[in-house]
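Following: one structure in structure tokens, then a few remarks.
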Amino acid sequence: MGSHIDKIVITFLVILVLIVSPMMQVFSNIDKTAQNQVNVITNQFQKEVRNRGFLDKELYETFNKNLISTGRIYNVKLQHKKLTYYPLKESNPQYKISKPFMEDYYIFNEKQIFNKIYNQNNLYKMKKGDEFSVLVEEMEGSTKGTKVFWGYVIQDPKNLPKIFSKFGGVVENELR
């Protein structure tokens, strides 16, 4: 009698492994593909902005449209660090003949950037030497890939992996 139950349990486990394992692999591949797409889209966008030295509505909307093509919902954060120089007096302890100035960064976020390109309908200009970065993170409501599978199995999609991408660097050119 015990061997009958053992056979049923083993058969059930084998069927479960034969079905679940390939399904997990398929959903995992979907996530990897989306992660790669987001990385490429984000990297191209930030390179374009840093190369041009400005951001405009058309460039951002193209970036956003490319992100939407992955079929997921993202939260996008932009950051511009504006490099500013302040002259130092000779009496200042930080003063050096080779560097008679102080450098500081002012940080502007996506709200300030969007205000410039959407509300004021202007280009958001940056200067050579400033820093620009983009962070893209999948939002909670997005259900694709392994979230579909594990969300069904464990019923708690909050702890599942998200798509996350961050790229940035120094602005190479500026619009005059």
Hey, do the aromatic rings of Phe114 and Tyr60 have their centres closer than 6.0 Å?
yes

Please lay out, stage by stage, how Tyr124 and His80 fare under the test ring pair (Phe, Tyr, Trp, His ring centres under 6.0 Å).
CA-CA 10 Å; Tyr124 184 82; His80 169 218; 5.3 Å; yes

Would you mind checking if Asp130 and Lys125 are paired as a salt bridge, meaning a charged N to carboxylate O distance below 4.0 Å?
no

Show, in sequence, the C-alpha distance, side-chain angles and deciding distance for Phe63 and Glu58, and conclude whether the side-chain contact (heavy atoms from CB on, under 4.5 Å) test is met.
CA-CA 9 Å; Phe63 165 66; Glu58 181 183 339; over 6 Å; no

So which atom in Gly169 and which in Gln46 form the shortest heavy-atom distance, rounded to 0.1 Å?
N-OE1, 4.1 Å

Salt bridge Lys128-Glu174, side-chain N to carboxylate O under 4.0 Å:
no

Indicate if Met126 and Ile113 have the same hydrophobic cluster label, given that clusters are the connected sets of ILVMFWY residues with side-chain heavy-atom separations under 4.5 angstrom.
yes

Do you know the tightest heavy-atom contact between Pro100 and Tyr95?
CB-CE1, 3.4 Å

Quick check: does any side chain N or O of Arg50 sit under 3.5 Å from a backbone N or O of Glu172, one acting as donor and the other as acceptor?
no

With no hydrogens and no angle check, is any side-chain donor or acceptor of Asn109 less than 3.5 Å from a backbone partner on Gln112?
yes

Mind listing the closest non-hydrogen atom pair of Asp31 and Ile163 along with its distance?
O-CD1, 4.4 Å

According to a hydrophobic-cluster definition based on side-chain heavy atoms being under 4.5 Å apart (Ile, Leu, Val, Met, Phe, Trp, Tyr only), do Tyr74 and Phe167 belong together?
no

With a 3.5 Å distance limit and no angle check, can you tell me whether Asn173 reaches the backbone of Asn51 through a side-chain donor-acceptor pair?
yes

Between Leu83 and Val49, is there a shared hydrophobic cluster once you connect ILVMFWY residues whose side-chain heavy atoms come closer than 4.5 Å?
no

Output yes when a side-chain donor or acceptor of Thr70 lies under 3.5 Å from a complementary backbone atom of Leu67, and no otherwise.
yes

